[in-house]
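Values reported hereafter were calculated over all heavy atoms of this structure, with side chains retained and with hydrogens, waters and symmetry mates removed.
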Amino acid sequence: MAVPVEEAIAALSTFSLEDEQPEIQGPAIWVSAEPGATNSPIEYSDVSAYRLSLSEDTKALNQLNTLIQEGKEMGSVLYTYRSCVKALPQLPESMKHSQADLYMETYQVLDLEMSRLREIQRWQSSAASKLAADMQRFSRPERRINGPSITHLWSMLKLLDILVQLDHLKNAKASIPNDFSWYKRTFTQVSVQWQDVDTMREELDDLQIFLSTRWAILLNLHVEMFRVNNVEDILQVLIVFAVESLELDFALLFPERHILLRVLPVLVVLATSSEKDSESLYKRVKINRLINIFKNDPVIPAFPDLHLSPAAILKELSSYFQKFSSQTRLLTLPAPHELPLKEAQEYPRQYLIVNHIGAIRAEHDDFSIRFASSVNQLLLLKSTESADAEWCKEVKGNVYDMVVEGFQLLSRWTARIWEQCAWKFSRPCKDAVSLEANEPLGSCSDYEKVVRYNYSAEERKALVELVSYIKSTAAMMQRCDTLVADALWETIHAEVQDFVQNTLAIMLRTTFRKKKDLSRILSDMRTLSADWMANTSKSEPELQSLQPGGEESKGNFFYPRPVAPTAAQVHCLQFLIYEVVSGGNLRKPGGLFGNSGSEIPVNDMKQLETFFYKLSFFLHMLDYTATLVTLSDLGFLWFREFYLESSRVIQFPIECSLPWMLVDHVLESHNAGLLERVLMPLDIYNDSAQQALVVLKQRFLYDEIEAEVDHCFDIFVSKLCESIFTYYKSWAASELLDPSFLFTLDNGENFSIQPMRFTTLLKMTRVKLLGRTVDLRSLITERLNKVFRENLEFLFDRFESQDLCAIVELEKLLDVLKHAHELLSKDISIDSFDLMMNEMLENISLVSYSSRLASQIWSEMQNDFLPNFILCNTTQRFIRSSKVPSVPVQKPSVPYAKPNFYCGTQDLNSAHQSFARLHSGFFGMPHMFSMVKLLGSRSLPWLIRALLDHISNKISTIEPMIMGLQEALPKSIGLLPFDGGVTGCMRLIKEQLNWGKKSELKAEVLRGIKEIGSTLYWIGLLDIALRELDTTHFMQTAPWLGMIPGADGQIMQAQDGGVSPIVNLFKSATTAIVSNPICASPMSFHTMAKQAEAADLLYKANINTGSILEYALAFTSAALDKYCSKWSATPKTGFIDITTSKDFYRIYSGLQIGYVEESVQMSSPSHEVLGDSVAWGGCTIMYLLGQQLHFELFDFSYQVLNVAEVEGVSHTHKNPPSLQGWEALLEALKKARRLNNHVFSMLKARCPLEDKTACAIKQSGAPLHRIKFENTVSAFETLPQKGA
């Protein structure tokens, strides 16, 4: 069934094409279907219908407009001309025989370029003659034709401006004479074989004279002008018109003002060079007016990188026009490079935007508010069905006034950029130094002196602001194009009709009542532009029969009609007003509206003047889109053709490109106010590309622009992402700083981050560049994903280049990075941090349990930590021993990275590094918590298993060494006698423990025991950390699982018959929702209930976690079973063997007293080499072998302490003589005994063998806790062995 068209249209109107993308870029590439209201689309052919005798004027006007269009194309050819000689090949000596062919090929290439120059030569000659003829037509004393009209005057000025620009370009382009000299040389070589070349030689000579003569075009124009008839009258009219327009700011668009400024000095020279009356000009225009204009604008923009100076033009032309050389007041005007110091300091206040940006900012803000208000009023008006006519007129008139004001602001702002660029080109930087290369400016190119180093940071900031104001205002007005069109047309229609039907009617009845000639002109104005159909006061016959002297009308009311006047009507109205004011007399003194001798009253003259100027605005209002294009076109900021030629380079680097300089300044300045405008300077590339293709019509320029855009946009995205990453990284680091630390600092504000507006840029999905749409958000996302991975890679590389103590710093840096990821994820969708972390840890596979970090930790422990760190039992820390022989550990160098790979800024880096340094000299519980957090439950089991295997391997390694020490023991070692005292005991111990030849073996055994002890103690710290995490986890999950502590504080009991609260909650919720008949998908709720039951079983199974330390002790005990017969032999007699025992406790007893004595006597204390880990390793082995009691009874150090106690008791004084000299040793032995007792008490608590309670291990490796079994050393037979 077909849908009606009305319904389809109504449905389409409900769709919204808007998205969340903010408007922070200039308007799109302009596409206008309008032919342009400023120029008549039918070449003023409708003027003849008004019977104003303007046929010759119209014909000449169309001819001038054609010449203007052709001249613009000629100017494009000259401006974009590049030397062909540089590309010509040079033949080597071996190919000299092909010289003739090379000349022919060169000639053919250059002839194509020279043909364009010949075409320019012919065109300028034709244009000069036609312009001169046109001027002479209106300069006859007996003028028989009407004109020139104001439109005609403008066409004359525009054509003269093009001729002046062509002459200036020809003079400035040094490559053209160079190419011509090569062309002439090749022509001489190749024309030898030709016939009848005289004509070609004459053309060649004429072209040579044209190219080599400065101001040849202007000199030719002068000859053509004064060939038959003097044209000083029309020249003076043009000068008066230009001076008045400049003084009264008559030109609405800045290009018109620049045209007047460029042609005025040339007009003055031409008018003064007249043979008839050269001084008559200064009777109509005072010379002071000309001097003020030239002084106010010493530099005039001509081309994007070329400027004109009125003073320089006047001085140079004075040598070609002898009569003008007597004008000393004009010739003494200083050129820009000749300005006195005081004036040179005053002009920057006028030209530099930074001195006006405050006022511009206020103008922009005020206009934006008022324009938006007027548009809202217009929308409200259109939504009102029966609006009051006066209110309707007021609203639409206000919209018209706002559009006019907007055009004026855009024109003024864009003109400031043009004029600042011209001033910068005229005043290159001389004293600055290249900060990037740190080299003097003399080694820089001329273009760098006028652009790259000629703009200060404040000037770049002001230029960025002004570019953004121009582009944003143009975009705002362009979006309202269709909305305001009717209002503009109706307002223009009302203005015209009110003037011709009301104002002119009053004038006809009063001022011009008896002046038939002027009354006829006013009647013609009413005839050609009055819209009688819109008049509701009187009928057309009544209005036509209105007799002078009758009853005065109070004014006519007009229906609003969007019917604007055509270009021909405006053209004719301006001409008629001009005729009324001037009376058709070109020699009449004064200006257009400044005739003091005029018979027209002041009020009427003011009304005519106001309407005359409004007529010029009307055409620009009607040509709304084209006017916006002209006023917001900033493409000239990229072009640099003149400097490319003078610098003899193919192209400048992007660092010299002004658009990129502005973008780079925004990114480098970190100015939050400028950040949202960073895309505005990129719109300059759109304008320049449009100019290259449409105006200059040169594909190679577009290719160069495209290549630069590709390059700089890549750099822009990279720098933008780096700024975004740095900002969010700094923000995260600032939030993670300890508040108490910031409170105690005097400069705490250095660690706070100023907010930046990246959110707007992160929403940009359509950035318009050279006709393409680029998804900036996607590019930023892709780049940030890469940067996060690079940052993770750097952090792990940095950790791998440090020792294990850096694990805390790694955790803090990863926390900062993760928090930055969380903050950034609120504004943009990037990859999951866990995913990136697993990728960098190489832990993606489901069967991968050994991550990169776990492997590094194990490698670090094996190669550096266990051999070179010692344990301090008191502080529970491992520290690096200063006495350990340096074990060569191959580590990569610390990688270099920018500050944003740490914490963002230098201040934040220093703050976080000060915290990291607190943990860099030891390894303790903070490091263990960090390691547990980073490794997680996936990699920790692998690391624990590696440590247990290391213990087993160490036991296997020291087993033959211990056998060697057992063999070195004497056959019989008795108890130490008390009668010899401490001295005798120590002497006897040294005699019995004759291990002098086994010193290396003894050291190896001690190091092995020390590593075993360090490993076990390290596992003990890990056990503490895991138990704390398990407790926290239990407190979080127990309420949901219905778990409560049992009577003994360990056994957990379930409530409600085993149904946990989480299962009960989901079941009841599912029942309630499914019972509702409107439930869409009941199966999904049943699935959630099943998942709750699975979660309940999973979490309950993990509640009863075991002890890692107990597991390690059980593993060590099982590993010792293999050597139990050798280290703990069963006595043959069944009684304790006191004298002949060589069990492990006897070996460790000798080792202990040996290294304790060395630690007291030697200058290099053994304790700093071995630390407290030896006691942990030795005592654990003895305890698991069941030798604790044997050790406490027969240990040499214990016996020495017993003897010392007896001696101390037997002597009444405090320091008995027999103990003198042994105080330090005895104190060290007491300390060792205290440490041994501490270790044994811990082992009894965690592995109570005496109570017949210990850990067993299943075949799967899982521990069974609190299992009763027989008290035997081989109780752990079920423990899985390595390789089993």
So, do Leu352 and Gln420 sit near enough that their side-chain heavy atoms are less than 4.5 Å apart?
yes
Trp413 and Tyr469 aromatic ring geometry - parallel, tilted or perpendicular at 30°/60° bounds:
tilted
Mind checking whether Glu256 and His620 have side chains closer than 4.5 Å, heavy atoms only?
yes
Walk me through it: do Thr625 and Gln478 pass the test side-chain contact (heavy atoms from CB on, under 4.5 Å)?
CA-CA 7 Å; Thr625 302; Gln478 189 258 345; 5.6 Å; no
The test is side-chain contact (heavy atoms from CB on, under 4.5 Å); show your working for Thr473 and Phe371 and say whether it passes.
CA-CA 10 Å; Thr473 303; Phe371 183 81; over 6 Å; no
Carefully, step by step, assess Phe499 and Phe612 under the rule ring-ring contact (aromatic ring centres under 6.0 Å, His included).
CA-CA 11 Å; Phe499 180 79; Phe612 180 84; over 10 Å; no
Sub-4.5 Å side-chain heavy-atom contact between Asn65 and Leu61:
yes
For Thr627 and Leu410, run side-chain contact (heavy atoms from CB on, under 4.5 Å): C-alpha distance rounded to whole Å, both residues' side-chain angles, the deciding distance at 0.1 Å, then the answer.
CA-CA 10 Å; Thr627 304; Leu410 288 175; over 6 Å; no
Can you find a heavy atom in the side chain of Phe713 that is under 4.5 Å from one in the side chain of Leu776?
yes
Can you tell me if Gln569 uses its side chain to pair, donor with acceptor, with the backbone of Thr566 under 3.5 Å?
yes
With side chains defined as the heavy atoms from C-beta onward, is the minimum distance between Trp154 and Ile68 less than 4.5 Å?
no
Does a donor on one side chain and an acceptor on the other come within less than 3.5 Å for Trp638 and Gln691?
no
Check the side chains of Thr503 and Gln607 for a donor-acceptor pair under 3.5 angstrom, ignoring hydrogens and angles.
no
Which heavy atom in Cys392 sits nearest to a heavy atom in Leu381, and how many Å separate them?
SG-CD2, 3.8 Å
Are any of the side-chain nitrogens in Asp687 or Lys471 under 4.0 Å away from the carboxylate oxygens of its partner?
yes
For Ser373 and Ile369, indicate whether the former's side chain and the latter's backbone hold a donor-acceptor pair under 3.5 Å.
no
Nearest 0.5 Å, please: how far is OG in Ser688 from OH in Tyr685?
7.5 Å
Any donor-acceptor N/O pair, Asn376 side chain to Ala372 backbone, under 3.5 Å:
yes
Answer yes or no: is there a donor N or O on one side and an acceptor on the other, between the side chain of Arg460 and the main chain of Leu662, under 3.5 Å?
no
Donor on one side chain, acceptor on other, Tyr578 and Gln574, under 3.5 Å:
no
Looking only at heavy atoms, what is the nearest atom pair of His258 and Glu419, with distance?
NE2-OE2, 3.3 Å
Closest contact, heavy atoms only, Met477 versus Phe367:
SD-CZ, 4.3 Å
Which heavy atom of Ala415 sits nearest to which heavy atom of Phe254, and what is that distance?
CB-CB, 3.5 Å
Side-chain donor/acceptor of Asp633 to backbone N/O of Val629, under 3.5 Å
no
Given Arg257, which partner from the list Asp297, Asp161, Asp249 fulfils the salt bridge (charged side-chain N to carboxylate O under 4.0 Å, His left out) test?
Asp297
For a 4.5 angstrom cut-off between non-hydrogen side-chain atoms, does Trp489 reach His493?
no
Side chain Ser411, main chain Phe407, donor-acceptor under 3.5 Å:
no
Please say whether more than 12 non-hydrogen atoms of neighbouring residues, nucleotides or ligands are located less than 6.0 Å from NZ in Lys382.
yes
Short side-chain to backbone donor-acceptor contact, Thr773 and Arg766, under 3.5 Å
no
Would you give the length of the straight line joining atom CD of Glu244 to atom CG of Leu260, rounded to the nearest 0.5 angstrom?
11.5 Å
Closest non-hydrogen atoms of Leu631 and Ile470, given as atom of the first, atom of the second and distance, are O-CG2, 4.1 Å
Any sub-3.5 Å donor-acceptor pair from Ser245's side-chain atoms to Phe250's backbone N or O?
no
Would you say Val666 and Arg677 make side-chain contact, with heavy atoms under 4.5 Å?
no
Could you grab the distance from atom CG of Leu769 to atom CG of Leu682, nearest 0.5 Å is fine?
6.0 Å
So how far is it from Leu761 CG to Leu720 CG, rounded to the nearest 0.5 Å?
5.5 Å
Would you check, one step at a time, whether the test side-chain contact (heavy atoms from CB on, under 4.5 Å) holds for Val678 with Leu674?
CA-CA 7 Å; Val678 70; Leu674 290 180; over 6 Å; no
How many angstroms lie between CG in Leu762 and NZ in Lys826, if you round to the nearest 0.5 Å?
14.0 Å
Between the main-chain N or O of Ser374 and the side-chain N or O of Asn398, is there a donor-acceptor pair closer than 3.5 Å?
no
Side chains of Ile357 and Lys461: does their closest heavy-atom pair fall under 4.5 Å?
no
Arg777 and Lys763: which non-hydrogen atoms are nearest, and at how many Å?
NH1-CA, 3.9 Å
From CG (Leu770) to CD (Gln690), nearest 0.5 Å:
10.5 Å
